[in-house]
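Here is the structure we will look at, set down as structure tokens.
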Number of protein chains: 2
Amino acid sequence: MTNAPAARRDIPDATVARLPVYLRVLRALSGRGVDVVSSEELADAAGVRSSGLRKDLSYLGSYGVRGVGYDVERLSEEITRELGLQGDFAVAIVGMGNLGRALADYRGFATRGFSVRWLIDTDPELTGSTIAGLTVVDFDGFRPGPDEAVIGVLATPPASAQEAADSLVERGVRSILNFASEPLDLPDSVAVRKVDLATELQILAFHDQRTRPEPEPLPDPFAEVTS
Amino acid sequence: MTNAPAARRDIPDATVARLPVYLRVLRALSGRGVDVVSSEELADAAGVRSSGLRKDLSYLGSYGVRGVGYDVERLSEEITRELGLQGDFAVAIVGMGNLGRALADYRGFATRGFSVRWLIDTDPELTGSTIAGLTVVDFDGFRPGPDEAVIGVLATPPASAQEAADSLVERGVRSILNFASEPLDLPDSVAVRKVDLATELQILAFHDQRTRPEPEPLPDPFAEVTS
DNA sequence: TAGATTGTTAATCGATTAACAATC
DNA sequence: TAGATTGTTAATCGATTAACAATC
């Protein structure tokens, strides 16, 4: 029991991670002219249970109407506001290898309020060149404005990831999406999410192996020779 | 209390998701000539707590030595075996846009036992062309061998994702990594993991907004005009 | 033996789910 | 009013953590 002044409602991490999914479904519904949606329909489309969806939404407040459902536009706006996506966010991509280039060109960002505004690489061969309409700069050239909220995307080789992350944080970046499969050591005030493609594949390989119809047995080193 | 015959030990999902991280750290240690590592050191490098690490490893069996630590090679092997990574896995990438191309070229896969063996696209302009040393085929050309464990990677536009996933599953794929930001409707027997870049950015944006030093207040629509 | 570190227990914490009273 | 669906409760489930006995 705390009496902190008007403490911000605390939304569980698991809920925060699902809000963008709901938002995406809502916008698709809106595009198809749907005005109202029930928790059952929305949950189905998002791949969650309706009770879980309602619990998630209850953290935002009561924006549904009993017996009716949720107003698609209204709910979109509330989630957008809750996620803080009204403003637009700048993205800075570090590391202009294959992945970095692909991300620089990725269309999916713009449709969701993000614009790639900085491309960074330390290789002098690359700085000054143009990729996806932007000039590649080194860290000295990375000077975001004081009010520019920048999310850093690390697409460097693993060996340079920590150094690159430090440079971003030095220049005021507080949120990092890490594609380099290298755990980062950063202050707690910096939010980091990682996307490790090889790890994802390994997790899938584990499940794949488990569900393999009839795995051919490995030769048993202790088996008697019977033939 | 069950007496199912030699029931497979059940490893929690959260543990499975961390094993690849441990494996990666172990291999790095091995490369630096380290023979033995304590749970404390390994946990630090992996970014988890030592008690959690020990609990995770306890699901695999008892491979540590009290008072000493874990044998780096031994533990690597056990995790590799547990994850089913001894064999090698083929990867089939569907969708040869920017992202698909970047993934086809991605070096990180090979070092962890995966080889990109199939590139698939339905665009007749693309099929037959060569990318990263492989010929792009359409689904008719995707004929994995009966013993070839294939993990499908979806890098199509959202609108084609479901159809592409269905085609993969029809041809025996049981594991899918989904980059298309579109929830998939597939049989429970198919394992799906998704990587949604825009969703990751939105989650970061949420945290960023929360930790912003002094967010400039939005104009209050109900404010009295005072100037 | 003394020191170190594992493997496991039990407590805690957080997330999910079903069920249903509230209410449109 | 009758039917539908929300918002919330309480039960369950799974994951995390600290602590420590076991033991090298």
Side-chain angles (χ1 to χ4, degrees), chain A residues 1-2 7-22 25-26 29 34-76 78-79 82 188 203 206-207, chain B residues 2 8-22 25-26 29 34-76 78-79 82 188 203 206-207:
Chain A
M1 211 160 302
T2 150
R8 202 71 180 68
R9 204 198 334 272
D10 232 25
I11 303 188
D13 285 346
T15 296
V16 171
R18 282 185 295 260
L19 290 178
V21 179
Y22 303 154
V25 173
L26 285 167
L29 289 171
V34 177
D35 289 332
V36 173
V37 68
S38 71
S39 62
E40 194 70 36
E41 297 165 313
L42 185 50
D44 270 7
V48 301
R49 313 243 162 193
S50 65
S51 55
L53 172 79
R54 290 199 298 277
K55 189 155 223 327
D56 283 341
L57 296 184
S58 75
Y59 292 109
L60 311 189
S62 295
Y63 299 121
V65 180
R66 288 165 138 101
V68 178
Y70 298 88
D71 182 282
V72 171
E73 291 308 325
R74 176 82 193 289
L75 193 52
S76 289
E78 292 301 339
I79 294 178
E82 189 62 45
D188 285 348
I203 294 168
F206 172 79
H207 290 294
Chain B
T2 150
R8 201 74 179 67
R9 203 198 335 272
D10 232 26
I11 303 188
D13 285 347
T15 296
V16 171
R18 281 184 296 259
L19 290 178
V21 179
Y22 303 154
V25 174
L26 285 167
L29 289 171
V34 178
D35 289 332
V36 173
V37 68
S38 71
S39 62
E40 195 70 36
E41 296 165 314
L42 186 48
D44 269 7
V48 302
R49 313 242 164 194
S50 65
S51 55
L53 172 79
R54 291 197 300 275
K55 189 155 224 328
D56 283 341
L57 297 184
S58 75
Y59 292 110
L60 311 189
S62 296
Y63 299 121
V65 179
R66 288 164 139 101
V68 179
Y70 299 88
D71 182 282
V72 171
E73 291 307 326
R74 177 82 193 288
L75 193 52
S76 289
E78 293 301 338
I79 294 178
E82 190 61 48
D188 285 347
I203 294 168
F206 171 79
H207 290 295

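Lettering follows sequence order; numbering is per chain, from 1. Values in this document were obtained by computation on a predicted structure and should not be read as measured data.
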(Q) Distance check needed: C/dA4 C1' versus B/Leu42 CG, whole Å only. (A) 17 Å
Q) Pick the nucleotide of DNA chain C nearest each of B/Lys55 and B/Ser39; which residue has the one closer to the 5' end? A) B/Ser39
Q: Establish whether the base of C/dT5 is bridged to the side chain of B/Arg66 by a donor-acceptor pair shorter than 3.5 Å.
A: no
Q | Who pairs with D/dG3 - Watson-Crick or G-U, where each distance is under 3.5 Å | A | C/dC24
Q: Using atom CG of B/Leu57 as one end and atom P of C/dG7 as the other, report the distance to the nearest whole Å.
A: 8 Å
Q. Nearest-Å distance, CG (B/Leu53) to P (C/dT8)?
A. 14 Å
Q) Does OP1 or OP2 of C/dT16 have a side-chain N or O of A/Arg18 closer than 4.0 Å? A) yes
Q.
What's B/Ser62 touching, base or sugar-phosphate or nothing? Going by heavy atoms closer than 4.0 Å.
A. sugar-phosphate
**Q.** For atom CG of B/Leu60 and atom P of C/dT6, their distance in whole Å
**A.** 14 Å
Q.
If the cut-off is 4.0 Å, is A/Tyr70 near the phosphate of D/dA4, judged by side-chain N/O to OP1 or OP2?
A. no
Q: Please name the pair of heavy atoms, one in A/Pro20 and one in A/Val16, separated by the smallest distance, quoted to 0.1 Å.
A: CD-O, 3.0 Å
**Q.** Interatomic distance where CD belongs to A/Glu41 and P belongs to D/dT5 [whole Å]
**A.** 8 Å
Q: Could you check if a side-chain atom of B/His207 sits within less than 4.5 angstrom of a side-chain atom of A/Asp13, using non-hydrogen atoms only?
A: yes
Q | Phosphate OP1/OP2 of D/dT5: any A/Arg54 side-chain N/O under 4.0 Å | A | no
Q: Between B/Ser38 and A/Val68, just flag the one whose closest nucleotide in DNA chain C comes earlier from the 5' side.
A: B/Ser38
Q.
With a 4.5 Å cut-off on side-chain heavy atoms, are A/Val72 and A/Asp35 touching?
A. no
Q: Answer with base, sugar-phosphate or nothing: what part of the nucleic acid does B/Gly69 contact at a heavy-atom distance below 4.0 Å?
A: sugar-phosphate
**Q.** Assigned partner base of C/dT8, Watson-Crick or wobble definition, under 3.5 Å
**A.** D/dA19
Q) Which distance, rounded to the nearest 0.5 Å, do you find between the CG of B/Asp44 and the OG of B/Ser38? A) 8.0 Å
**Q.** Rounded distance (Å) that lies between atom P of D/dT6 and atom CG of A/Asp56
**A.** 14 Å
Q: Determine whether A/Leu75 and A/Leu42 make a side-chain contact, defined as any pair of heavy atoms from C-beta on separated by less than 4.5 Å.
A: yes
Q | Distance in angstrom units between B/Glu40 CD and C/dG7 P, rounded | A | 15 Å
Q: Round to a whole Å and report the spacing from CZ of B/Arg49 to P of C/dA11.
A: 20 Å
